[in-house]
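Excluded from the calculations below are hydrogen atoms, water molecules and symmetry mates; all remaining heavy atoms, backbone and side chain alike, are included. Positions are given from 1 along the sequence.
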Amino acid sequence: MEPIINQIRSRVFQRLHRAAVLPRRKHSGCAEQAAVPATTNSRKNKPTLLVSRLYQPANLRDLGLQGEMTCKSQRLMQQAGLIYQSNPGCYYYLPATVRSMEKLVRVIDQEMQGIGGQKLDMPSLCSADLWKTSERWDLMGKELFRLKDRHGADYCLGPTHEEAVTTLVAHQATLSYRQLPLLLYQITRKFRDEPKPKFGLLRGREFYMKDMYSFDVSEEAAYETYESVCQAYTRLFARLRLRCVQVQADTGNIGGKLSHEFQLPADIGEDRILVCGNCSFSANVETLSQETSDCPNCKTGKLEESKGVEVGHTFYLGKKYSNIFNATFSSAQNKPCIAEMGCYGLGVTRILAAAIEVLSTEEGIRWPGLLAPYQACVVPPKKGSKMDEAAVLAEELVHTLGETLPRLRGEVVFDDRTQMTIGKRLKDASRLGYPYVIVVGQGALEETPRFEVICQLTGETMFLSKDGLLDLLGRVETV
């Protein structure tokens with residue numbers, strides 16, 4: 001054993017000696033590479049976001065289409081390689097989809113924190129004891145995913161967290177009225193054992209949801225909080241430029257005194273909603289005691305029926321859960337009082353799919369501007385054509401956009417698949433739904449360079465100078 005150790009020691013000393021006496025090679029480490037000027041010819045103006053490197057495997061697109069396509073958003077997302085079904089109601093979210101979801105989460109965070117929401121993260125694995133205490137263990141029926149641990153204890157995968165969050169607050173013995181309203185929210189995976197998952201991300205067994213829970217000192221204060229959340233939802237959908245209708249709704253198995261749904265009108269929707277053409281009244285059909293075409297609010301208007309996709313739901317819970325779990329606060333008189341509660345949900349993956357459903361064409365995805373995975377795609381000419389100089393200009397354009405418009409850094413992709421014709425790449429770009437597609441062709445070689453710009457959402461094609469292009473893209477909103 002000793003000879004072997006001596007041999008190893010000798011080799012280590014030889015390597016250390018060589019490292020000490022030999023001159024250091026250039027670019028031998030990350031620090032030295034970082035010191036090289038960015039304008040070095042080998043790296044000058046080279047785009048880093050290349051379409052050929054984006055993980056949207058064509059083989060998964062074909063495999064994904066083997067199942068039944070029940071709606072437009074499901075078909076388009078699978079054709080574009082954005083999602084891939086692993087088993088009924090469960091999907092892989094591929095990188096472009098994750099980028100879009102992360103942007104949506106940022107918008108939600110901004111709106112929820114704007115009204116005082118504080119973000120936390122609660123366990124998905126919930127004790128059955130909590131659900132039995134609230135009597136929802138049996139009430140939820142087969143929709144609840146149930147399991148046992150090795151000790152035989154019962155658990156469920158949480159579809160919602162009223163029990164968990166109320167227990168958390170109940171254990172804070174020092175909660176004061178001065179700390180209320182308290183708004184706690186999370187954005188996590190949820191689970192529901194759908195009997196027949198369908199419509200892609202619109203109705204699955206595993207999905208992302210934002211769920212917020214409020215605690216207030218009084219019923220009046222709780223209604224104010226309820227209204228502030230509804231207003232935040234309205235602002236959120238306005239920012240996404242999605243038409244959303246707030247309708248009266250049933251409280252269902254969550255319970256409470258008041259409930260509203262936020263519905264995106266869509267033919268694929270499973271809910272029937274009624275909207276008065278004369279006043280602001282709107283409701284889910286299931287909340288009305290009988291079929292009627294007359295508005296119960298203004299008495300003169302007629303109710304128009306349409307289908308909708310539920311993307312949000314708000315509940316005023318009162319003391320339903322706080323009484324059960326003894327969630328109290330200290331009043332101004334230093335007496336324990338039961339908190340008034342509300343809960344508020346947004347379907348994150350459902351908003352994404354519903355937006356694609358209502359905005360897209362039959363051939364290609366159209367995103368809400370803020371949620372597009374990438375804002376622009378630059379398409380150079382085909383390799384070997386007579387416009388090789390334009391290819392260099394295309395690479396320089398990507399660099400210029402990032403340098404001149406900081407908001408677009410990381411938002412512009414370069415379609416380097418120059419072995420394909422421009423036509424085929426434009427078809428792919430339309431399918432993926434980049435808001436702006438910039439074709440760098442013959443016009444870019446003119447004395448006053450012009451770029452062909454396609455606005456995917458409107459279908460408009462423009463020919464712009466470089467300054468005109470920068471002005472157009474400078475107005476793009478990002479999050």
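- A perpendicular orientation is assigned to the rings of Phe191 and Phe145, their planes being inclined by more than 60° (bins at 30° and 60°).
- Between Ala391 and Pro380, the closest heavy-atom pair is CA-CB, 4.3 Å.
- Of the N and O atoms on the side chains of Thr287 and Asp250, not one donor lies less than 3.5 Å from an acceptor on the other residue.
- Below 30°, between 30° and 60°, or above 60°: for Tyr92 and Tyr84 the angle between ring planes is below 30°, a parallel geometry.
- Considering only heavy atoms from C-beta on, Ile356 stays 4.5 Å or farther from Lys72 through its side chain.
- Here the side chain of Glu452 pairs no donor or acceptor atom with the backbone of Val437 at under 3.5 angstrom.
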Run the numbers on Arg235 and Glu111 for salt bridge (charged side-chain N to carboxylate O under 4.0 Å, His left out), then give the verdict.
CA-CA 8 Å; Arg235 287 193 300 271; Glu111 294 299 336; 3.2 Å; yes
Could you check Arg475 against Asp471 for salt bridge (charged side-chain N to carboxylate O under 4.0 Å, His left out), going step by step and ending with a plain yes or no?
CA-CA 7 Å; Arg475 298 195 297 268; Asp471 180 64; 2.6 Å; yes
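- Shortest non-hydrogen contact noted between Cys126 and His161 is SG-NE2, 3.8 Å.
- For Phe262 and His260, the ring centers are positioned 6.0 Å apart or more.
- Across every non-hydrogen atom of Glu206 and Cys90, the tightest pair is OE1-SG, 3.8 Å.
- Aromatic ring orientation, Tyr316 versus Tyr223: tilted (interplanar angle from 30° to 60°).
- Closest heavy-atom contact between Leu240 and Ile351: CD1-CG2, 4.2 Å.
- Considering only heavy atoms from C-beta on, Gln263 stays 4.5 Å or farther from Lys307 through its side chain.
- Closest of all the heavy-atom pairs between Ala232 and Met112 is CB-CE, 3.9 Å.
- Thr314 places none of its side-chain heavy atoms less than 4.5 Å from the side chain of Glu261.
- The aromatic rings of His313 and Phe315 lie parallel to each other, their planes meeting at an angle below 30°, with 60° marking the opposite boundary.
- The number of heavy-atom neighbours closer than 6.0 Å to CD of Glu143, taken from other residues, nucleotides and ligands shown, is above 12.
- Ser214 and Tyr344 are linked by a side-chain donor-acceptor pair at a separation below 3.5 angstrom, with hydrogens and angles left out of the test.
- For Glu389, the CD atom is loosely surrounded, since the number of other residues' heavy atoms within 6.0 Å does not exceed 12.
- Side-chain atoms of Arg431 and Thr361 form no donor-acceptor pair, as typed in the model, at a separation below 3.5 Å.
- Contact annotation: the side chain of Leu346 approaches that of Tyr233 to within less than 4.5 Å [non-hydrogen atoms, C-beta and beyond].
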Given salt bridge (charged side-chain N to carboxylate O under 4.0 Å, His left out), test Lys210 with Asp109 step by step and report yes or no.
CA-CA 9 Å; Lys210 186 282 301 179; Asp109 283 340; over 6 Å; no
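- A heavy-atom distance below 4.5 Å is not found between the side chains of Trp367 and Leu359.
- A donor-acceptor contact closer than 3.5 angstrom links the side chains of Glu162 and Thr160.
- Residues Tyr226 and Leu258 are in side-chain contact: their nearest non-hydrogen atoms beyond the backbone lie under 4.5 Å apart.
- In this structure, the side chains of Lys466 and Phe451 come closer than 4.5 Å at one or more pairs of heavy atoms.
- Shown here for Gln375 and Glu477, the closest heavy-atom pair between the two residues is NE2-O, 3.9 Å.
- Counting non-hydrogen atoms of other residues, nucleotides and ligands closer than 6.0 Å to CZ of Arg189 gives a total above 12.
- When side chains are defined from C-beta on, Leu94 does not count as touching Leu82, because their heavy atoms never get closer than 4.5 Å.
- Tested against Ile438 for a side chain to side chain contact (heavy atoms under 4.5 Å, CB included), the candidates Val379, Val412, Leu473, Ile454 yield a single pass: Leu473.
- In this structure, a donor-acceptor pair under 3.5 Å is absent between the side chains of Tyr374 and Glu411.
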